[in-house]
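Single-structure report; data block below.
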Amino acid sequence: MGYAMSRLEIESDLCDTGKDFCGVGSSSASHRSSEHLADLDHEISQVTKLKSSPHQRYSREVPGRHQLPVSTVRMLAGRESNFSGRGRFSAADCCHMLSRYLPIKGPWLVDQMDSRAYVSQFSTDGSLFIAGFQGSRIRIYNVEKGWKVQKDILAKSLRWTVTDTSLSPDQRNLVYASMSPIVHIVDVGSGTTESHANVTEIHDGLDFSSDEDGGYSFGIFSVKFSTDGREVVAGSSDDSIYVYDLEANRVSLRTVAHTSDVNTVCFADESGNLILSGSDDNLCKVWDRRCFIGRDKPAGVLVGHLEGVTFIDSRGDGRYFISNGKDQTIKLWDIRKMSSSAPARHEVLRNYEWDYRWMDYPTEARDLKHPLDQSVSTYKGHSVLRTLIRCYFSPAHSTGQKYIYTGSNDSSVYIYDLVSGDKVAVLKHHSSPVRDCNWHPYYPTLISSSWDGDLVKWEFPGSGEAPIMSKKRVRRRHFYY
C-alpha cells in the first residue's frame, strides 16, 4: 500500500481493551450506532457493508469480536494464509484497509489567492484539480506533476463569482458559470497556460437564454457535463433546469422545475436519463428524460428539508443521493421512496424570521423535523450558512463510499460515517467558510478551499512528512474522533 501504520491502525489493535477506534467507550458508541441503524434503510447499510467490509474469515479469528475493525496486519497475515480461499484481497478487502487511512494529516498549502474560493474539484481519474475563485480566476492543477498550474484561466464576463465548473469526461473541455445566462467553455488541452478570455484564447459562450425571457437576465448556480460529454445540464435562478446540446449548439430542454432558485443539479447515474435537482423551495426532485409526463412535471419529489437545498451528490447507482440543506443537515435519500408530487403544504410554518446569508440558524429550529420527511437518514454537526456549501460521498474505490463529507461555515471540513451517522473527523485550518472540498478518487488526499483564499491539502502520508509535491506545511488544529 505504500503507507506506514498509523495511529488509527495502532488504536484498532487496542480494541481488545474495550475501546472503539474513536476513543469512546464501545458500549456507548455501539448504543448510538444501533439507534442510528434502526432508522437507516437496511439495504444501504448492507450495500455499504458489502463494499467496505473484509471477508468474514478475517474477522472470525477473534471469536465474539467480529464487529470490531480488522487491523491491516491481520488482513495481511490472513492473505498470506489464504483465509478467503482466493489467494488475494477482494475489492471490499482493499476498501476496508484503505478506508482506515483517512486524509486527516496536515494541512499543506497548495495555493493561496487574494479572493474567495468557490469551487474545488478533482477530475474523474484524479490527475487534474480545478479551483474557481471569485476574482474571475480559475486554475487547473496537474496533480501528477507536483500541483503545477496547467491552466490559469481569466474568466469572461463574470458576474459576482464563478458559481460552478465542470470538466468534460475526456478532460478536454471545461465549462464555467456565473450569475449570467452565458456559460463559457475552455479548451483545457491547448498548450497555452495563460488563458485570458478572448485575448490569448477563445472562450466560447453557451447561451441558455431565449427570446421568451423578454430580456430577463438570470444566473447559473450549477453546471454538469453528461457522462458522454455531449450535453451540459444547468440549474438557474429563474427556477429552471436547462439541458444544452453541445453538438447542436442550442438548449435542447428547459423545464420550470421549482418555485425558487435551482441551486444544484446532477445526473443520478451514468445513463444520463435521470436528473436530480435541489432548490430554495426545500424540495429535491427527480426528472426522467425518457418519460416526461407533462411539461414541468417531475418523475418524483422528495420532502424532508425545512430550508433550501444547497447541493446534491449522487451515489452513482441511480438510487441513493445526499443533499446539503440550509436547515443545517445532510439528508440521505432513496429515490424509490419519492412521491409523484409535492404535498400541498410541504413547507413547515415557522414563527421566526431568518436569512441564511447573514444570520445564525435559530436555536428553536435546530430540533425541528419535517412531519412528512421521506429521507433515509439525517446527519448534523456542520453549519450551512452564508453560501451554498457542498457535500459528497467518499470515493468508491478507496472507501466503498462508507463516509460522507462536507464543508462548513465554521471554517471546517466534517467527515461522517454513512451507516452510524457518527462524526469521524473534523478538519480545522481555515479562517472563513469552506464552501467546497474534494476527496481524491484513489488516494487518501482531500483538498479544502475556503473564502480565506487558501487551497490546502489533507493527506495520510504515513511518515508524517510533507509529500514532495506539497509547498509548505501550515500548522493548524484538527480533531479526530
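Only this structure's heavy atoms are used, side chains among them; waters, hydrogens and symmetry mates stay out.
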Do [X] and [Y] have side-chain N/O donor and acceptor atoms under 3.5 Å apart?
| X | Y | answer |
| --- | --- | --- |
| Asp111 | Tyr141 | yes |
| Lys380 | Thr329 | no |
| Asn282 | His305 | no |
| Lys297 | Ser341 | no |
| Glu201 | Ser195 | yes |
| Ser180 | Arg159 | no |
| Ser448 | His429 | no |

With a 3.5 Å distance limit and no angle check, can you tell me whether [X] reaches the backbone of [Y] through a side-chain donor-acceptor pair?
| X | Y | answer |
| --- | --- | --- |
| Ser252 | Val243 | yes |
| Ser279 | Ser260 | yes |
| Asn263 | Gly278 | no |
| Asp452 | His430 | no |
| Glu231 | Tyr244 | no |
| Ser408 | Ser412 | no |
| Ser450 | Asp454 | no |
| Gln121 | Thr165 | yes |
| Asp417 | Val419 | yes |
| Ser240 | Ser236 | no |

Can Arg390 and Asp164 be said to form a salt bridge (charged side-chain N to carboxylate O under 4.0 Å, His left out), step by step? CA-CA 11 Å; Arg390 302 180 169 193; Asp164 202 7; 3.0 Å; yes

What's the verdict on ring-ring contact (aromatic ring centres under 6.0 Å, His included) for Trp439 and Tyr392, showing C-alpha distance, side-chain angles and the deciding distance? CA-CA 9 Å; Trp439 198 318; Tyr392 302 92; over 10 Å; no

Salt bridge (Lys or Arg N to Asp or Glu O under 4.0 Å) with Arg386: which of Asp360, Asp355, Asp410? Asp360

Indicate every side-chain donor-acceptor pair of residues 310-317 with a distance under 3.5 Å to a residue at least two apart or in another chain.
from	atom 1	to	atom 2	distance (Å)
Thr310	OG1	Asn324	O	3.3
Thr310	OG1	Ile389	O	2.8
Asp313	OD2	Phe393	N	2.9
Ser314	OG	Ala268	O	2.7
Ser314	OG	Gly316	N	3.0
Arg315	NH1	Asp317	OD2	3.0
Asp317	OD1	Arg319	N	2.9
Asp317	OD1	Tyr320	N	3.1

Are Tyr443 and Phe122 close enough that their ring centres sit under 6.0 Å apart? no

Locate the shortest heavy-atom distance separating Pro441 from Pro395; write the atom from each residue and the value. O-CB, 3.5 Å

Hey, what do you get for OG (Ser123) to CG (Asp170), rounding to the nearest 0.5 Å? 11.5 Å

Partner residues of Thr163 under the side chain to side chain donor-acceptor pair (under 3.5 Å) criterion, sequence neighbours left out: none

Who are the side chain to side chain donor-acceptor pair (under 3.5 Å) partners of Gln134, not counting sequence neighbours? none

Test item: Asp261 and Asp239 side chains (from C-beta on) under 4.5 Å apart, heavy atoms: yes

Test salt bridge (charged side-chain N to carboxylate O under 4.0 Å, His left out) applied to Arg254 and Asp238, step by step: CA-CA 11 Å; Arg254 181 205 173 186; Asp238 68 346; 3.3 Å; yes

Do the rings of Tyr118 and Trp451 sit parallel, tilted or perpendicular, given the 30° and 60° boundaries?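 Tyr118 vs Trp451 ring planes: tilted.
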
